[in-house]
Amino acid sequence: MNQTATDLKLKVICADLPAPPLFWRDDQGHRHGYEADVARLLASKLAGDTAFAYRQWADFYPALEAGEGDILLCGQGISEYRKTLADFTAPYAVFDESVMVLRDSPIRRAEDLAGRRIGAIDKSLNMALAETFEGAIRVPFSGESEDVMGDMVAALRRGEIDAFVDDDVALVPLAEEEDLAIAFTVASRNAWGIAVKKGEPERLARVEAALAEVKANGELRALWERWMPTLDYPF
C-alpha cells in the first residue's frame, strides 16, 4: 500500500456467497451490501478503488498471509484465536448472535437446547457461543464450503440439526422465510474487525486511520443506517 491513489486498488479478501444485508453479488457481478460499501469507503480514503478477491471461508487467513489481498473484510468477529492469525483494526460493526430453528420447533431458550444438535461454523465466535449451551450437541460446519450458511439451513430443514447459531444480522432476512424462525438472541456484542497480515504495522495503521476518519465524519453511520436500519448503530 505504498503506491499512489491513482495506481492502486485496495484488494479485499471476502466470500462470494449471498449474505444480505452484509454482502451479495448481482447477475452483473457487482457486490452489494454493508461490508461491500465499507470496503469501498475505506478504499476511497486509501487507494481510490476496490478489488474483491473471493475465497472460501477456510482460505481467508492463508490467502491473507500469502499476500493475495491487502485486507480481509468479511464477517470476522475479533476472537483470541483469530488474533493469532492476523492483526485487527478497531471494529467497524458490533452484532449479537441468534439461534435459528424451524418455525414449529419447541426451542425458545438456551435451556431447550439440552440434548439437541446445534450447528455453527467451526472455530467461529458462533461456535464459542454454542459451546456455552449446557447439554447441547455441537455440530461444526466447515468453512471450506462455498456456502456454509446454505449448508446449515439445508441441514436444519433435513432434520440433521435442530438449530444453528449465527450473527443476528445474517439471520434476520432468513427469518422472513415461512419455515424458519429465530428462537432467541444472545446479547454477545461481538466486535467485527478488518484483518491485516501480521508484521505489517504501517498497513494496519493506515487502515485504522481511514476507519477512524469515516467513524468521525458520519460516513460509516450513514452506511449502517442504509443497510441495517432496524439495528442500532453501535459507535
Side-chain angles (χ1 to χ4, degrees), residues 14-15 17-23 34-35 56-61 72 74-86 88 91 93-193 195 228 230-232 234:
C14 54
L17 53 89
L22 294 170
F23 52 84
Y34 175 69
E35 288 195 331
Q56 291 183 351
W57 205 269
D59 296 331
F60 281 170
Y61 292 95
L72 164 57
C74 195
Q76 297 301 289
I78 304 170
S79 68
E80 292 304 313
Y81 169 69
R82 284 176 175 155
K83 287 193 287 188
T84 68
L85 305 177
F88 283 86
V94 178
F95 294 116
D96 293 328
E97 294 167 276
S98 296
V99 173
M100 176 145 279
V101 296
L102 294 177
R103 193 165 293 277
D104 60 358
S105 170
I107 297 169
R108 290 293 179 267
R109 55 182 186 161
E111 292 78 4
D112 296 334
L113 289 165
R116 306 276 189 171
R117 297 158 296 177
I118 184 165
I121 298 174
D122 192 24
K123 296 185 177 67
S124 67
L125 286 174
N126 302 141
M127 180 56 80
L129 177 62
E131 290 169 353
T132 70
F133 298 143
E134 187 173 354
I137 302 165
R138 270 78 65 181
V139 180
F141 283 74
S142 173
E144 294 180 359
S145 166
E146 293 184 358
D147 184 3
V148 66
M149 175 72 80
D151 293 344
M152 291 191 291
V153 171
L156 180 64
R157 284 172 166 157
R158 290 194 299 264
E160 296 169 0
I161 57 175
D162 301 293
F164 68 86
V165 183
D166 213 306
D167 299 281
D168 56 354
V169 63
L171 297 188
V172 168
L174 283 174
E176 296 177 0
E177 299 194 21
E178 62 180 20
D179 63 331
L180 302 176
I182 293 174
F184 61 92
T185 296
V186 178
S188 48
R189 308 308 291 159
N190 286 339
W192 289 18
M228 298 173 292
T230 63
L231 299 179
D232 291 337

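Note that the coordinates shown come from a computational prediction; the quantities given were computed from them, not determined experimentally.
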Taking only residues two or more places apart in sequence or in another chain, which ones pass salt bridge (Lys or Arg N to Asp or Glu O under 4.0 Å) with [X]?
X	value
Lys83	Glu80
Asp112	Arg109
Arg108	none
Glu176	none

**Request:** Measure the shortest side-chain to side-chain distance between Asp167 and Trp192 over non-hydrogen atoms and say whether it is less than 4.5 angstrom.
**Result:**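 Yes - at least one pair of side-chain heavy atoms lies under 4.5 Å apart.
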
Identify every side-chain donor-acceptor pair in residues 121-131 under 3.5 Å, counting partners at least two apart or on other chains, and give the distances.
residue, atom, partner, partner atom, Å
Ser124, OG, Ile121, O, 2.6
Ser124, OG, Asn126, N, 3.3
Ser124, OG, Met127, N, 3.1
Asn126, ND2, Glu97, OE2, 2.8

**Item:** Set of residues satisfying ring pair (Phe, Tyr, Trp, His ring centres under 6.0 Å) with respect to Phe164, sequence neighbours excluded
**Value:** none

Please identify each residue that fulfils side-chain hydrogen bond (donor to acceptor under 3.5 Å, both in side chains) with [X], with sequence neighbours left out.
X	answer
Ser79	none
Glu144	none
Thr185	Ser98
Tyr61	Gln76

Which pairs of donor and acceptor atoms, one on a side chain in residues 149-159, lie under 3.5 Å apart (sequence neighbours left out)?
residue, atom, partner, partner atom, Å
Asp151, OD2, Ser145, OG, 2.4
Arg157, NE, Asp179, OD2, 2.8
Arg157, NH2, Glu177, OE1, 2.4
Arg157, NH2, Asp179, OD1, 3.0
Arg158, NE, Glu160, OE2, 2.8
Arg158, NH2, Glu160, OE1, 3.1

**Item:** ring-ring contact (aromatic ring centres under 6.0 Å, His included): pairs with one or both residues in residues 115-154, sequence neighbours excluded
**Value:**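 Residue pairs passing ring-ring contact (aromatic ring centres under 6.0 Å, His included), neighbours aside: Phe133-Phe184.
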
**side chain to side chain contact (heavy atoms under 4.5 Å, CB included) between Phe60 and Arg82, intermediate numbers included** = CA-CA 11 Å; Phe60 281 170; Arg82 284 176 175 155; over 6 Å; no

